[in-house]
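Here the structure comes first, spelled out in structure tokens, and everything after it is commentary.
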Amino acid sequence: MEPECDKLIMDSINKNYVDMDEYPVTTELQNRCVNMIARLFNAPLGDTETAMGVGTVGSSEAIMLAGLAFKRNWQNKRKAEGKTYDKPNIVTGANVQVCWEKFARYFEVELKEIKLSEGYYVMDPDKAVEMVDENTICVAAILGSTLTGEFEDVKRLNDLLVKKNDATGWNTPIHVDAASGGFIAPFIYPELEWDFRLPLVKSINVSGHKYGLVYAGIGWVVWRTQQNLPDELIFHINYLGADQPTFTLNFSKGISIFQFLGYTNVMENCRENMLVLKEGIEKTERFNIVSKDVGVPLVAFSLKGQSFHSEFEISEMLRRFGWIVPAYTMPADAQHITVLRVVIREDFSRTLAERLVADILKVLHELDTLPSKISRKMGAEDFANVKRKKVKREKLMEVIVGWRKFVKDRKKMNGVC
């Protein structure tokens, strides 16, 4: 961030953000930010209406709060209908960030994941809507997958879910996890419909420290209307001197800085540098590009064909040149695909992109001179057999782990009172 921001943070480091009575301007600034973000995401607000939202320490907390609101709304609806409300679930893709798994485990919500497939590494809207049932508290769509940066098709999800809601009367809503893409799409893809323009999108979270151009420690969750956040989840306290409404998982919190300046230029520049890096990697003729041009400005790529070296080796050797380029396997059912990923941020220049391509070429040349971890005498059929055996072992381990869990659960059920 700019030096002025660093100085402002240091000047405010002794302030407790939550003490709104002693530091009332912090509340005013938060409300102004919430209103700007809600309008950026096209919330249906009048000129004098106040948006509903809250600042958090990041998108993980924001997702927990949004999930709790969905769960409570669903429970209240089920109680009013005289139906059971003890088995809530959320439908997501297997590519979700780990904070969704945390929410499901901590707050006892079943996570129904749509498996991925080779060449399609985001949630399939058709499969997601098929998995929705009367216990689904929401469908979570990602605007900027962690794995490939791709934007999920929220509009198609909305249209399909509208039809299912009309047929069933369930009124299942959508949450958009825009942690990465929330400050990208409005500025360089303004025509893309993913936000509150879609009637079933009831809440959106976004991170400040990803593409909000600020340091870690600030995130946001905004709701479509006040009715989407149950009032019973909001606490009112007065022991700091005045009535203060609060809906957070944390209480005391340090000051964070947020800015709303120059986003369009920055995001366009990031996208241009992403295309430069993508073109350079393609010219090596050694990689397949896995990421899409429309999405978070990043390049995800994997080795072509039957390479005798792995993406993990490339990642390890690039560290010698000062690069930290993560290599990882895709989630189920695409775990046999390994990719490398480079995220383009504001300070990643065209010069750095060209230098990275040059260093990748050096690594490839060096790997070509090293003995392979897989014997070069192996033919194409042998190489394919190695991959098949690996997948078979993984499936066998899944069966073993599942059986052990089943036996363990049976033992618990058969315990003597």
Query raised in the report: Sub-3.5 Å donor-acceptor pair from the side chain of Asn158 to the main-chain atoms of Val154, do we have one?
Result: no

Report task. Could you tell me the separation between the CD1 atom of Ile174 and the CZ atom of Phe70, rounded to the nearest 0.5 Å? Result -> 9.0 Å

Query raised in the report: Does the side chain of Lys155 come within less than 4.5 Å of Asp153's, by heavy atoms?
Result: yes

Query raised in the report: Atom CE of Met10 and atom CD1 of Ile13: how far apart are they, to the nearest 0.5 Å?
Result: 4.5 Å

Report task. Measure the acute angle between the ring planes of Tyr263 and Phe183, then classify it against the limits of 30° and 60° as parallel, tilted or perpendicular. Result -> tilted

Report summary line: For Gly169 and Lys77, the nearest pair of non-hydrogen atoms, with its separation, is O-NZ, 4.0 Å

Report task. Check the pair Met123, Leu157 against side chain to side chain contact (heavy atoms under 4.5 Å, CB included), reporting the backbone distance first and the verdict last. Result -> CA-CA 10 Å; Met123 179 178 68; Leu157 175 66; 4.0 Å; yes

Report task. Count the heavy atoms of every other residue, nucleotide or ligand shown that sit under 6.0 Å from CD of Glu110, and state whether that count exceeds 12. Result -> yes

Query - Closest approach of Pro186 to Leu40 (non-hydrogen atoms, all atoms of both residues) - result: CB-CD1, 3.7 Å

Query - N/O donor-acceptor pair under 3.5 Å between Arg224 side chain and Val201 backbone - result: yes

Query raised in the report: Charged N to carboxylate O under 4.0 angstrom, Asp195 versus Arg197?
Result: yes

Query - Greater than 12 external heavy atoms within 6.0 Å of Lys292's NZ - result: no

Report task. Give a yes or no on whether the backbone of Thr136 and the side-chain of Asp133 come within a donor-acceptor separation of less than 3.5 Å. Result -> yes

Requested in this report: Evaluate whether atom OH of Tyr106 has more than 12 neighbouring non-hydrogen atoms of other residues, nucleotides or ligands under 6.0 angstrom away.
Outcome: no

Query raised in the report: Taking atom CD1 of Ile188 and atom CG of Asn269, what is their separation to the nearest 0.5 Å?
Result: 10.5 Å

**Report entry** Atom pair CG/CD1 of Asn89 and Ile137 - distance to nearest 0.5 Å
**Finding:** 7.5 Å

Report task. Carefully, step by step, assess Glu311 and Ser302 under the rule side chain to side chain contact (heavy atoms under 4.5 Å, CB included). Result -> CA-CA 7 Å; Glu311 289 83 358; Ser302 60; 3.6 Å; yes

Report task. Evaluate side chain to side chain contact (heavy atoms under 4.5 Å, CB included) for Arg350 paired with Glu272, printing each intermediate quantity in order. Result -> CA-CA 8 Å; Arg350 185 186 183 109; Glu272 288 171 6; over 6 Å; no

Query raised in the report: Do the side chains of Asp177 and Val96 get nearer than 4.5 Å, heavy atoms only?
Result: no

Query raised in the report: Hey, does Met267 have a side-chain heavy atom less than 4.5 Å from the side chain of Pro297?
Result: no

Query - Within residues 35-50 or reaching into it, pairs that qualify as salt bridge (charged side-chain N to carboxylate O under 4.0 Å, His left out) - sequence neighbours excluded - result: none

Query raised in the report: Any Lys/Arg nitrogen of Arg78 or Glu134 sitting under 4.0 Å from an Asp/Glu carboxylate oxygen of the other?
Result: yes

Report task. Search all heavy atoms of Lys202 against all heavy atoms of Pro199 and return the closest pair with its distance. Result -> NZ-O, 3.0 Å

Query raised in the report: Only one of Asn95, Val122, Thr92, Leu147 clears side chain to side chain contact (heavy atoms under 4.5 Å, CB included) with Ile142; which?
Result: Asn95

Requested in this report: State whether the side chain of Glu268 and the backbone N or O of Asn265 hold a donor-acceptor pair below 3.5 Å, judged by distance alone.
Outcome: no

Query - Over 12 non-hydrogen atoms of neighbours within 6.0 angstrom of NZ in Lys304 - result: yes

Query - Lys362 bridged to Asp359 by N-O distance under 4.0 Å - result: yes

Query raised in the report: Is it true that Lys163 and Asp159 have a side-chain N and a carboxylate O under 4.0 angstrom from each other?
Result: no

Requested in this report: Name all pairs fulfilling the side chain to side chain donor-acceptor pair (under 3.5 Å) condition that reach into residues 119-132, sequence neighbours left out, sorted by first residue then second.
Outcome: Asp126-Arg156

Query - Side-chain heavy atoms of Asn205 within contact of His175, under 4.5 Å - result: yes

Query raised in the report: Any donor and acceptor pair, going by atom type alone, linking the side chain of Asn273 with main-chain N or O of Phe348 inside 3.5 Å?
Result: yes

Report task. Step by step, work out the side chain to side chain contact (heavy atoms under 4.5 Å, CB included) result for Asn165 and Trp170. Result -> CA-CA 5 Å; Asn165 286 342; Trp170 292 338; 4.2 Å; yes

**Report entry** Pair His309-Asp368, side-chain donor/acceptor within less than 3.5 Å
**Finding:** no

Query raised in the report: Between Ser310 and Glu313, is there a donor-acceptor pair closer than 3.5 Å when you use the side chain of the first and the backbone of the second?
Result: yes

Requested in this report: Give a yes or no answer on whether the side chain of Glu61 reaches the backbone of Thr56 with a donor-acceptor pair at less than 3.5 Å.
Outcome: no

Query raised in the report: Met131 versus Ile114: any side-chain heavy-atom pair under 4.5 Å?
Result: yes

**Report entry** Side-chain donor or acceptor of Lys164 paired with backbone N/O of Val129 under 3.5 Å
**Finding:** yes

Query raised in the report: Side chain of Ser207, backbone of Gly219: donor and acceptor closer than 3.5 Å?
Result: no

Query raised in the report: Does any donor atom in the side chain of Glu232 or Asn76 lie under 3.5 Å from an acceptor atom in the other side chain?
Result: yes

Query raised in the report: Any side-chain heavy atom of Val34 within less than 4.5 Å of one from Val54?
Result: no

**Report entry** CD (Glu108) with more than 12 external heavy atoms under 6.0 Å
**Finding:** no

Report task. Report yes if some heavy atom in the side chain of Thr172 is under 4.5 Å from a heavy atom in the side chain of Val139; otherwise report no. Result -> yes

Query raised in the report: Which atom names give the shortest non-hydrogen contact between Ala185 and Leu143, and what distance separates them?
Result: CB-CD2, 3.9 Å

Report summary line: Correct closest heavy-atom pair for Val221 and Ala62 would be CB-CB, 3.8 Å

Query - Gap between atom CG of Leu340 and atom CD1 of Ile360 - 0.5 Å precision - result: 7.5 Å

Query raised in the report: Can you tell which of Tyr189, Phe41, Phe151 makes a ring-ring contact (aromatic ring centres under 6.0 Å, His included) with Trp194?
Result: Phe41

Requested in this report: Mark yes or no for whether Lys71, through its side chain, and Phe107, through its backbone, hold a donor-acceptor pair below 3.5 Å.
Outcome: yes

Query raised in the report: Are side-chain heavy atoms of Leu364 and Phe287 found at a separation under 4.5 Å?
Result: yes

Query raised in the report: For the residue pair Phe103 and Trp100, does the interplanar ring angle fall in the parallel (under 30°), tilted (30 to 60°) or perpendicular (over 60°) class?
Result: perpendicular

Report summary line: Between Ser180 and Lys210 the two heavy atoms that sit nearest each other are OG-CD, 3.2 Å

Query raised in the report: Restricting to pairs with a member in residues 311-332, which pass ring pair (Phe, Tyr, Trp, His ring centres under 6.0 Å), not counting sequence neighbours?
Result: none

Report task. Could you tell me the separation between the CG atom of Leu303 and the OG1 atom of Thr338, rounded to the nearest 0.5 Å? Result -> 9.0 Å

